Amino acid sequence: MQPVRICAIASEVTPLSKTGGLADVAGALTKYLHAHDHDVRLFTPLYDCIDVERFGITDSTLPPALSIQLGAHRLEYAVRSAKLPGSDAHIYLVDCPALYGRGVIYSSAPDEHLRFLALTRIAIECCQHMAWSPQILHCHDWHAGFGPLLLQHQYGWDQLFAGTRSVLTIHNIGYQGVFGAEHVGDLDLGDRAYLLHQDDLRGGHINALKHGCMYADAITTVSPTYAREIRTPQFGMGLETVLNQRADVLTGILNGVDYDDWDPRTDRHIGEHYDASSLTVKARLKWKLLGRLELKFTPHTVLAGLVSRLTAQKGIELAVQAMAHVLQNHDLAFVALGSGEPRY
């Protein structure tokens, strides 16, 4: 396969910033694409909670002082760079304290839409500053949902993007980036506001992820099963109609894991290594974990684990409802790891 030029936009990237699986995919995909000789350049915010020294973040070759106008908002920013840990792939971090200096990755502030609209536009404009023509603009989740629309209709004049096609990846359809229609000016569409979903505008809101689904050349999601589910009223979260209209470009690709991190033959975190021929070591590690957590167990106890964001949107309430019955009727130990809604 010939090398492909890919501009990727993600609101979080492992190991620099993470709240969920989006960060894992953004980081691992960049690493593996680069390892297969593709020219992938990933843009993400430089949140103030990212350890600049630890990750070797330095000035990039882009101009040191840049600005962007979004509606009535003029924002000053710089772009830093670093090598993605475990890879020689370069990532670009947007340094804009007014947007990303809040001590958190996501917030409930009234300008939340502006934080990621800025990221999307800055990524596209950095391609212009670098005179670099990506073949693919890869937009992750609602945070980059306006990327396909902007690419076609705000930056379509630039021949740099004449051959660029857009991909939207839906990691979690429950988060759609909905904001009030009074902020329509922040999109700078001018007399092209007719390109927005008009029923939503009349209803007083704008949905970032919906517009990604409307305008992306291709839509992917985290598994073939999920691709089918999100086209139904039960799981589509209001986007099933537009996804059925775009069904011919919707593909489910099963998420994998990064085997550089998740290989028990080399995992630096587990103390002892094992493979399929040495499962007694795995059993010994299980017993050590159960003992450390002070859980009761026998040699026959099954250990079940759950790593997830602990929110209703993930279905965590199903595990909570079932767990008492399961633990009472089976020789089972259960360990969950995650953060999310305080009630869980």
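What's counted below: heavy atoms across the whole structure, side chains too, no hydrogens, waters or symmetry copies. Quick caveat, the model's predicted, so the values are computed rather than measured.
Note on residues 148-161: no pairs pass salt bridge (Lys or Arg N to Asp or Glu O under 4.0 Å), not counting sequence neighbours. Among pairs with a residue in residues 335-344, those fulfilling salt bridge (Lys or Arg N to Asp or Glu O under 4.0 Å) read E341-R343, at least two apart in sequence or across chains.
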Inset, instruction - Begin with the C-alpha distance, continue with both residues' side-chain angles, and end with the deciding distance and a verdict on ring pair (Phe, Tyr, Trp, His ring centres under 6.0 Å) for H138 and H140. - result: CA-CA 7 Å; H138 191 177; H140 289 274; 4.1 Å; yes

Legend entry - Verdict with reasoning, K314 to T311, per side chain to side chain contact (heavy atoms under 4.5 Å, CB included): CA-CA 5 Å; K314 290 286 190 178; T311 67; 3.5 Å; yes

Inset, instruction - Test side chain to side chain contact (heavy atoms under 4.5 Å, CB included) on I206 and V184 and set out the steps. - result: CA-CA 8 Å; I206 304 171; V184 66; 3.9 Å; yes

Legend entry - Test log, rule side chain to side chain contact (heavy atoms under 4.5 Å, CB included), inputs V281 and H273: CA-CA 7 Å; V281 176; H273 296 135; over 6 Å; no

Inset, instruction - Before giving the answer on side chain to side chain contact (heavy atoms under 4.5 Å, CB included), spell out for D267 and D261 the whole-Å C-alpha distance, their side-chain angles and the decisive distance to 0.1 Å. - result: CA-CA 6 Å; D267 192 327; D261 291 331; over 6 Å; no

Inset, instruction - Give the C-alpha distance, both sets of side-chain angles, the deciding distance and a yes or no for side chain to side chain donor-acceptor pair (under 3.5 Å) between S223 and N255. - result: CA-CA 6 Å; S223 76; N255 270 359; over 6 Å; no

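Judged by distance alone, with hydrogens and angles left aside, the side-chain atoms of Q245 form no donor-acceptor pair with the main-chain N or O of M214 at under 3.5 Å. Of the possible polar contacts, one joining the H197 side chain to the D200 backbone as a donor-acceptor pair under 3.5 Å is found. Side chain of R115 to main chain of L99: a donor-acceptor pair is present (N/O by atom type, distance under 3.5 Å, no hydrogens or angles). Under a 3.5 Å cut-off, the side chain of D275 and the backbone N or O of R265 do not form any donor-acceptor pair. Within the 3.5 Å criterion, the main-chain N or O of L119 finds no donor-acceptor partner in the side chain of Y77. Between the side chain of Q176 and the main chain of I173, a donor-acceptor pair closer than 3.5 Å is present. A distance-only check finds no donor-acceptor pair linking the side chain of R228 to the backbone of G252 [under 3.5 Å]. E112 places a side-chain N or O within 3.5 Å of a backbone atom of S107 that can act as its donor or acceptor partner. One N or O on the side chain of R246 and one on the backbone of C213 form a donor-acceptor pair closer than 3.5 Å. A side-chain donor-acceptor contact under 3.5 Å links D51 to the backbone of R54.
Two residues are said to be in side-chain contact when any heavy atoms from C-beta on lie closer than 4.5 Å; L254 and V222 fail this criterion. When side chains are defined from C-beta on, K288 counts as touching R284, because their heavy atoms get closer than 4.5 Å. Looking at N172 and L22, their side chains never come closer than 4.5 Å, going by heavy atoms from C-beta outward. Looking at heavy atoms from C-beta onward, D217 lies out of side-chain contact with V167 at the 4.5 angstrom threshold. For the pair L66/E76, no side-chain contact is recorded, criterion being any heavy-atom separation below 4.5 Å from C-beta on.
Donor-acceptor pairing under 3.5 Å is recorded for the side chains of D39 and W132. Using a 3.5 Å distance cut-off with no hydrogens or angles, the side chains of D141 and T169 do not pair a donor with an acceptor. Counted by atom type alone, N244 and T241 present zero donor-acceptor pairs between their side chains at under 3.5 Å. No side-chain donor from either of N207 and H211 sits under 3.5 Å from a side-chain acceptor of the other. Using a 3.5 Å distance cut-off with no hydrogens or angles, the side chains of T19 and E12 do pair a donor with an acceptor. In this model, no donor atom of one side chain and acceptor atom of the other lie less than 3.5 Å apart for Y155 and Q128. T120 and H143 are not linked by any side-chain donor-acceptor pair at a separation below 3.5 angstrom, with hydrogens and angles left out of the test. Donor-acceptor pairing under 3.5 Å is lacking for the side chains of T220 and T251.
More than 12 heavy atoms of other residues, nucleotides or ligands shown are found within 6.0 angstrom of NZ on K286. Other residues, nucleotides and ligands place more than 12 heavy atoms under 6.0 Å from the NE2 atom of H330. Within a 6.0 Å radius of CZ in R268, no more than 12 heavy atoms belonging to other residues, nucleotides or ligands are found. Within a 6.0 Å radius of CD in Q198, other residues, nucleotides and ligands contribute more than 12 heavy atoms. Heavy-atom contacts from other residues, nucleotides or ligands closer than 6.0 Å to CZ of R202 number more than 12.
Note: the hydrophobic cluster containing F334 does not contain L289 (ILVMFWY, side chain heavy atoms under 4.5 Å, direct or indirect links). By the rule that hydrophobic residues join a cluster once side-chain heavy atoms approach within less than 4.5 Å of another member, Y194 and L150 end up as members of one cluster. At a threshold of 4.5 Å between side-chain heavy atoms, the hydrophobic network of Ile, Leu, Val, Met, Phe, Trp and Tyr places Y100 and Y106 in one connected group. Cluster membership check: V302 shares its hydrophobic cluster with V326, using side-chain heavy-atom separations under 4.5 Å among Ile, Leu, Val, Met, Phe, Trp and Tyr. Residues V25 and L16 fall into different hydrophobic clusters, defined by Ile, Leu, Val, Met, Phe, Trp and Tyr side chains chained together at heavy-atom separations under 4.5 Å.
Taking every heavy atom of both residues into account, I50 and F55 meet most closely at CG2-CD1, 4.0 Å. Between D188 and L70, the shortest heavy-atom distance links the atoms OD2-CA, 3.3 Å. A144 and C139 make their closest contact through O-CB, 3.3 Å (heavy atoms, listed as atom of the first residue, atom of the second, distance). Between T301 and F297, the shortest heavy-atom distance links the atoms OG1-CA, 3.3 Å. Between G101 and D48, the shortest heavy-atom distance links the atoms C-OD2, 3.1 Å. Residues L62 and C126 come closest through the heavy atom pair CD1-SG, 3.8 Å.
For the atom pair CD1 of I219 and CG of L250, the computed distance is 6.0 Å after rounding to the nearest 0.5 Å. For the atom pair F116 CZ and I122 CD1, the distance stands at 12.0 Å (nearest 0.5 Å). For the atom pair D260 CG and T266 OG1, the distance stands at 7.5 Å (nearest 0.5 Å). Expressed to the nearest 0.5 Å, how far CZ of R121 lies from CG of L151 amounts to 13.0 Å. Expressed to the nearest 0.5 Å, how far OG1 of T30 lies from NE2 of H38 amounts to 12.0 Å. A distance of 6.0 Å separates CG in L75 from CG in L114, rounded to the nearest 0.5 Å.
At a threshold of 4.0 Å, the pair R102-D111 counts as salt-bridged, since one of the basic side-chain nitrogens sits closer than that to a carboxylate oxygen.
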Side-chain donor/acceptor pairs under 3.5 Å, residues 87-95, sequence neighbours excluded:
residue : atom : partner : partner atom : Å
S87     : OG   : A89     : N            : 2.8
D95     : OD2  : R80     : NE           : 3.1
D95     : OD2  : R80     : NH2          : 3.1

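The cationic group of R309 lies under 6.0 Å from the six-membered ring centre of Y175 and within 45° of the ring axis, placing it in a cation-pi geometry.
The aromatic rings of F179 and H113 sit parallel, their planes meeting at an angle under 30°, below the 60° perpendicular limit.
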